[in-house]
Amino acid sequence: MDAPLPRSFFDRMPEEVAPDLLGCVIERSTPEGVVAVRLTEVEAYAGPHDPASHAYRGPTKRNAVMFGPPGHAYVYFTYGMHFCANLVCLGEGTAAAVLLRAGEIMEGHDLAAARRPRSSPRDLARGPARLCEALAIDRGLYGADVCDPAGPLRVLPGEAAAGLRTGPRTGVTSAKDVPWRFWIDGDPSVSAHRAHTPRRRTVIDQG
DNA sequence: CTTCCGATATACT
DNA sequence: GTATATCGGAAGG
């Protein structure tokens with residue numbers, strides 16, 4: 001059993017941590033068993049100077065853990081139904097993080113498939129909310145220490161990723177030009193890039 | 001493969 | 001009230 005990555009790994013700029021996370025393994029333990037995912041796509045977010053970051057407007061109840069020490073999980077709920085997971089980088093007050101966007105199931109394929117019964121094998125962890133569903137990541141893991149060898153969510157070292165590519169972040173409305181999305185070129189588990197499509201205004205039923 | 005679109009909690013104006 | 005670091009299903013090529 002490998003030891004998780006040390007906290008010092010996360011005590012760096014998010015755009016340095018993000019590419020180094022590609023190829024690493026997220027291991028999630030629950031009473032049902034273990035699911036492990038090899039990361040193939042991530043995005044870096046900085047603190048109050050990054051308009052695309054949840055920390056842009058300062059600390060709130062939701063983003064509080066981003067302002068804390070590195071190596072903890074920032075899990076948030078979005079679009080009324082999905083969870084997404086980040087790993088906090090840098091120290092107190094800096095509020096940087098790396099969003100886990102996609103990966104390939106390395107262990108616990110059957111358990112992941114049971115959690116996502118309508119998903120094709122390729123799509124089990126292809127996308128940030130899908131990855132969270134496959135790994136059973138929800139509010140309960142908010143703030144979890146991913147450097148804890150006995151924790152329920154751990155980040156293990158992996159083989160250095162080959163074929164690294166970068167580009168703009170997905171689905172953000174500001175700082176579109178910042179190339180802080182990192183992925184493994186050609187990997188089938190990398191999520192399709194969708195430009196941000198503003199949702200149509202709520203339709204008001206006028207009769 | 002693509003485009004369209006509804007679901008729906010939470011943060012913010 | 002409006003926007004959102006998304007997804008799955010339907011319909012078309």
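Only this structure's heavy atoms are used, side chains among them; waters, hydrogens and symmetry mates stay out. Chain letters run A, B, ... following the sequence lines, proteins first, then strands; residues in each count from 1.
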Problem - Distance, rounded to the nearest Å, where A:Asp123 contributes CG and B:dC1 contributes P - result: 9 Å
Handout entry: Spacing between A:Ile137 atom CD1 and C:dA5 atom P, to the nearest angstrom
Key = 19 Å
Practice task
Look at the side-chain N and O atoms of A:Arg57 and state whether any lies under 4.0 Å from the OP1 or OP2 oxygen of B:dT13.
Solution key: yes
Handout entry: OP1 or OP2 of C:dC7 under 4.0 Å from side-chain N/O of A:Arg118
Key = no
Practice task
Write down the distance between OH (A:Tyr56) and P (C:dA3), rounded to a whole number of angstrom.
Solution key: 17 Å
Handout entry: Ring centers of A:Phe77, A:His82 separated by less than 6.0 Å
Key = no
Handout entry: Pi stacking test for A:Tyr45 and C:dA5: under 5.5 Å apart, planes under 30°
Key = yes
Practice task
Would you kindly check if the NZ (Lys) or CZ (Arg) of A:Arg169 is within the cone defined by 45 degrees around the ring axis of A:Tyr45 and under 6.0 Å from the six-membered ring centre?
Solution key: yes
Completion exercise
Per atom distances to the A:Phe77 side chain, the nearest of C:dC7, B:dT10, C:dA5 is B:dT10
Problem - Of the listed nucleotides C:dA5, B:dC1, B:dA7, the one nearest the side chain of A:Tyr76 - result: C:dA5
Practice task
State whether A:Arg62 places a side-chain N or O below 4.0 Å from either non-bridging phosphate oxygen (OP1 or OP2) of B:dC12.
Solution key: no
Practice task
Let me know the distance between CG of A:Asp138 and P of B:dA9, rounded to the nearest Å.
Solution key: 16 Å
Exercise for the section: Please report the shortest heavy-atom distance between A:Cys84 and A:Ala129, naming the atom on each side. Expected result: SG-N, 4.3 Å
Exercise for the section: Represent DNA chain C in dot-bracket notation, 5' to 3'. Only Watson-Crick or G-U wobble pairs with both distances under 3.5 Å count; pseudoknot-style crossings use [ ] and interstrand partners use |. Expected result: ||||.|||||||.
Exercise for the section: Inspect the contact between A:Arg116 and A:Asp123 and indicate whether a charged nitrogen and a carboxylate oxygen are less than 4.0 angstrom apart. Expected result: no
Problem - OP1 or OP2 of C:dC7 under 4.0 Å from side-chain N/O of A:Arg126 - result: no
Exercise for the section: Measure from CZ on A:Arg115 to C1' on C:dC7 and round the result to the nearest Å. Expected result: 19 Å
Handout entry: Per A:Asn86 side chain, nearest of listed nucleotides B:dA7, C:dC7, C:dA5
Key = C:dA5
Please list every donor-acceptor pair under 3.5 Å in which a side-chain atom of residues 91-99 of chain A meets a protein atom from a residue at least two apart or in another chain.
| from | atom 1 | to | atom 2 | distance (Å) |
| --- | --- | --- | --- | --- |
| A:Thr94 | OG1 | A:Gly91 | N | 3.3 |
| A:Thr94 | OG1 | A:Gly91 | O | 2.4 |

Problem - Test: A:Arg38 and A:Asp187 ion pair at under 4.0 Å - result: yes
Problem - Residues A:Glu32, A:Arg115: salt bridge by 4.0 Å N-O rule - result: yes
Exercise for the section: Rounded to the nearest angstrom, tell me the gap between atom CG in A:Leu99 and atom C1' in C:dT4. Expected result: 13 Å
Practice task
Validate the cation-pi geometry between A:Arg12 and A:Phe9: distance from NZ or CZ to the six-membered ring centre under 6.0 Å, angle to the ring axis within 45°.
Solution key: yes
Exercise for the section: For A:His82 and for A:Thr60, locate the closest nucleotide of DNA chain B by heavy-atom distance; then report the residue assigned to the nucleotide nearer the 5' terminus. Expected result: A:His82
Completion exercise
Among B:dA9, B:dA7, C:dA5, the one nearest any side-chain atom of A:His54 is C:dA5
Handout entry: Is_stacked (A:Tyr79, C:dC7) at 5.5 Å, 30 deg
Key = no
Problem - Length of the CG-P vector between A:Leu87 and C:dA5, whole Å - result: 18 Å
Problem - d(CG, A:Asn63; P, B:dT10) in whole Å - result: 16 Å
Practice task
Taking only the side-chain heavy atoms of A:Arg139 (C-beta and beyond), determine which of B:dA9, C:dC7, C:dG8 contains the nearest atom.
Solution key: B:dA9
